[in-house]
Structures are given as C-alpha cells and as structure tokens.
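Counting starts at 1 for both ligands and their atoms, in listed order.
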Amino acid sequence: MGKVYVFDHPLIQHKTAMLRMKETNTKDFRELVKEIALLMGYEATRDLDLEEKQIETPICGTTVKMLPSTSVAIVPILRAGLGLVDGMLELIPNAKVGHVGLYRDPETHEPHEYYCKLPADLEKRRIFVVDPMLATGGSAAAAVQFLKDKGAKNIKFLCLIAAPEGIEALQKAHPDIDIFIAAKDDHLNENAYIVPGLGDAGDRLYGTR
Ligand code: PRP
Ligand code: URA
C-alpha cells in the first residue's frame with residue numbers, strides 16, 4: 001500500500017496559508033506555488049535511486065553517487081499542475097516533463113482528457129504527477145491510469161491541498177502510489193470544491209475566472 005505524507009514543515013505551512021488568502025494576487029500565488037513545489041519536491045525525492053560513478057577530483061580518482069540520467073519525469077495535470085513544474089525542475093533540471101490535459105466537467109465533476117504527451121522512456125523513470133488540488137480524486141486517478149496504460153511503473157502523486165474524499169478515492173483506485181500533500185483539508189462542498197481550500201487553483205494561477 002502506498003503511503004500518504006502530509007508535510008508539517010513550518011515553511012510549507014506558512015506558504016500554504018498565504019496561498020489560501022483571497023487577497024493573494026496572481027503573481028504572488030504563482031510564486032508561492034513554485035516555492036512550495038520546490039520544498040515538497042526536496043522531500044518527495046528522498047528515495048530516488050543513485051548509481052555509482054567513477055570521477056576524478058583535483059586530488060584523486062573516487063567513486064561518487066549520482067542520479068542516473070533517466071531518473072525522473074514530472075507530469076503536471078493541465079492546467080493548474082503547470083504551476084508546480086518549475087519548482088520541481090529547479091531541483092531536477094534534467095527531468096523530462098510530460099503533460100496530461102484534464103478538465104473537470106462543472107456539472108458531473110468527472111475528468112475529461114483533452115491532451116496527452118509523455119516521454120518515450122516512461123517505464124524507466126520515477127514519475128511525479130503534480131496538481132495543486134486533490135478534490136474528488138477523479139482527475140488524479142484518471143491521470144495515473146493514463147500513465148500506467150502507457151507503461152509507467154513507478155508513480156508518485158504530489159499536490160498542495162487534498163480533501164479526505166480525494167485521498168481515499170486515489171488510494172482506492174491506485175493503492176500502489178505514494179501521495180505527498182502540503183495540507184489535508186476538511187471536506188468537499190456541494191460543488192466538489194475543497195473546504196477551506198483556496199478556491200479554483202487554475203483561475204488563481206492564471207488570473208482567469
Ligand atoms: C482542478 C485541479 C485538479 C482537479 C481536481 O482542475 O487542478 O486537476 O480540478 O479536482 P478532482 O480531484 O475533483 O478531479 P480543473 O479541472 O479545474 O482544470 P484547470 O486545471 O484547467 O483549472
Ligand atoms: N479544483 C480546484 O481548483 N479547487 C478545488 O477546490 C477543487 C477542484
């Protein structure tokens with residue numbers, strides 16, 4: 001069974017609190033999402049495999065441990081997931097980036113795919129699926145299923161705010177994946193928005209409505 005990690009780091013809690021505030025503007029919201037992704041990514045990559053390499057320092061030859069070149073792929077769920085990519089790429093600049101486009105139907109809240117472009121060597125990589133919000137869990141579960149259908153084997157899901165309903169649904173659909181969360185919220189409202197949440201993450205990132 002995959003694990004659920006809720007980050008209690010003070011910096012992550014502080015920045016997540018600022019993200020929630022309705023007066024936080026688009027520019028600050030975007031910067032905060034990037035900063036939180038970087039902080040969470042540092043922890044979420046803790047168990048990446050390393051390989052031994054023989055190198056020369058100015059003093060002598062030595063064996064060091066490094067990330068293999070085919071180590072990681074970051075897969076944002078469009079569109080709001082894009083906000084987390086730059087923070088992750090600052091940590092792992094050589095990561096490949098795949099994109100899965102999903103939107104939630106406003107009536108049924110069911111996810112619909114509109115775009116999918118993934119690295120060819122997906123099966124060799126540790127995949128981090130990223131999205132700020134895990135509400136009903138429908139989008140995350142569908143994205144993970146796409147990736148599995150295309151051969152991905154080693155998937156983790158990283159989000160900022162999760163509802164208990166979404167965590168349960170994602171775990172039920174994909175019991176093998178670890179889930180990393182900055183904050184676990186209380187419940188979903190009648191429109192399947194997270195309470196207290198932060199509103200519509202895509203709109204707040206991109207200034208749309
Ligand atoms: C939001 C969010 C997730 C999804 C979560 O995206 O970024 O992808 O909703 O909801 P769920 O867990 O109930 O599926 P949205 O569909 O609003 O699209 P957007 O990113 O284009 O704004
Ligand atoms: N999508 C969002 O952007 N926010 C929510 O609270 C739920 C789904």
Salt bridge flag under 4.0 Å for residues Asp47 and Arg126: yes
Given Ala135, Gly197, Gly199, which one has a non-hydrogen atom that is nearest to atom 4 (N) of ligand 2? Gly199
Min side-chain heavy-atom separation His109-Leu188 under 4.5 Å: no
Inspect the surroundings of NE2 in His14 and state if more than 12 heavy atoms from other residues, nucleotides or ligands are less than 6.0 Å away. no
Could you point out which residue of Asn25, Thr24, Val33 forms a side-chain contact (heavy atoms from CB on, under 4.5 Å) with Arg204? Thr24
For atom 22 (O) of ligand 1, what is the closest protein heavy atom, and at what distance to 0.1 Å? Arg79 NH2, 3.1 Å
Please say whether Ala201 places an N or O atom under 3.5 Å from an N or O atom belonging to ligand 2. yes
Check: Leu82 and Tyr206 side chains under 4.5 Å, non-hydrogen atoms: yes
Could a heavy atom of Pro111 be found less than 4.0 Å from some atom of ligand 1? no
Note: ligand 2 atoms sitting under 4.0 Å from heavy atoms of Ile194 are 5 (C), 6 (O)
Minimum-distance protein heavy atom relative to atom 16 (O) of ligand 1: Arg104 N, 2.8 Å
Is atom 1 (C) of ligand 1 near the protein, in the sense that some protein heavy atom lies at less than 4.0 Å from it? no
Name the closest protein heavy atom to atom 5 (C) of ligand 1, giving the residue it belongs to and the distance to 0.1 Å. Met133 O, 3.6 Å
List every atom of ligand 2 that sits less than 4.0 Å from any heavy atom of Met133, numbering the atoms from 1 in the order shown and giving each element. 2 (C), 3 (O), 4 (N), 5 (C), 6 (O)
I want to confirm something. Looking only at heavy atoms, which of Thr136, Leu170, Val130 is nearest to atom 13 (O) of ligand 1? Thr136
Any idea how Phe7 and Phe180 line up, ring-wise: parallel (<30°), tilted (30 to 60°), or perpendicular (>60°)? parallel
Ala201, portion touching ligand 1 at heavy-atom distance under 4.0 Å: neither
Which pair of heavy atoms, one from Arg104 and one from Ser139, lies closest together, and at what distance? CG-OG, 3.8 Å
Any ion pair linking Glu31 and Lys34 (charged N to carboxylate O, less than 4.0 Å)? no
Nearest neighbour in protein (non-hydrogen) for atom 18 (O) of ligand 1: Leu102 O, 4.1 Å
What residue and heavy atom of the protein are closest to atom 5 (C) of ligand 2, and at what distance? Tyr193 CD2, 3.4 Å
Do Phe146 and Ile77 come within less than 4.5 Å of each other through their side chains, counting heavy atoms only? no
Of all protein heavy atoms, the one nearest atom 4 (C) of ligand 1 is Ser139 OG, 3.6 Å
I'd like to know if Arg204 contacts ligand 2, where contact means a heavy-atom distance under 4.0 Å to any ligand atom. no
Contact (N/O only, under 3.5 Å) between Gly202 and ligand 2: no
As a test of understanding, state which of Lys148, Lys156, Lys153 forms a salt bridge (Lys or Arg N to Asp or Glu O under 4.0 Å) with Asp176. Lys148
Step through the shown structure and confirm whether more than 12 heavy atoms of other residues, nucleotides or ligands are within 6.0 Å of CD on Glu51. yes
Atom 8 (O) of ligand 1: the protein heavy-atom neighbour that sits closest, reported with distance to 0.1 Å: Asp131 OD2, 2.4 Å
Please write down residue, atom name and distance for the protein heavy atom closest to atom 17 (O) of ligand 1. Asp200 OD2, 4.2 Å
Per-atom filter on ligand 2: closer than 4.0 angstrom to a heavy atom of Arg104 are 7 (C), 8 (C)
Relative to the heavy atoms of Ala192, which atoms of ligand 2 are at a distance of less than 4.0 Å? 7 (C)
Against heavy atoms of Tyr103, which atoms of ligand 1 measure under 4.0 Å? 16 (O)
Is the contact between Leu78 and ligand 1 made by the side chain, the backbone, both, or neither, using heavy atoms and a 4.0 Å cut-off? backbone
Can you confirm whether Asn154 sits close enough to Arg125 that some side-chain heavy atom of one is under 4.5 Å from a side-chain heavy atom of the other? no
Please examine the side chains of Leu160 and Thr16, heavy atoms only from C-beta on, and report whether any two atoms are closer than 4.5 Å. no
Counting both backbone and side chain atoms, is some N or O of Leu134 under 3.5 Å from an N or O of ligand 1? no
Side chains of Ile155 and His174: closer than 4.5 Å at any heavy-atom pair? no
Run the contact test for His109 against ligand 1 with a 4.0 Å cut-off on heavy atoms, strictly below, and give the result. no
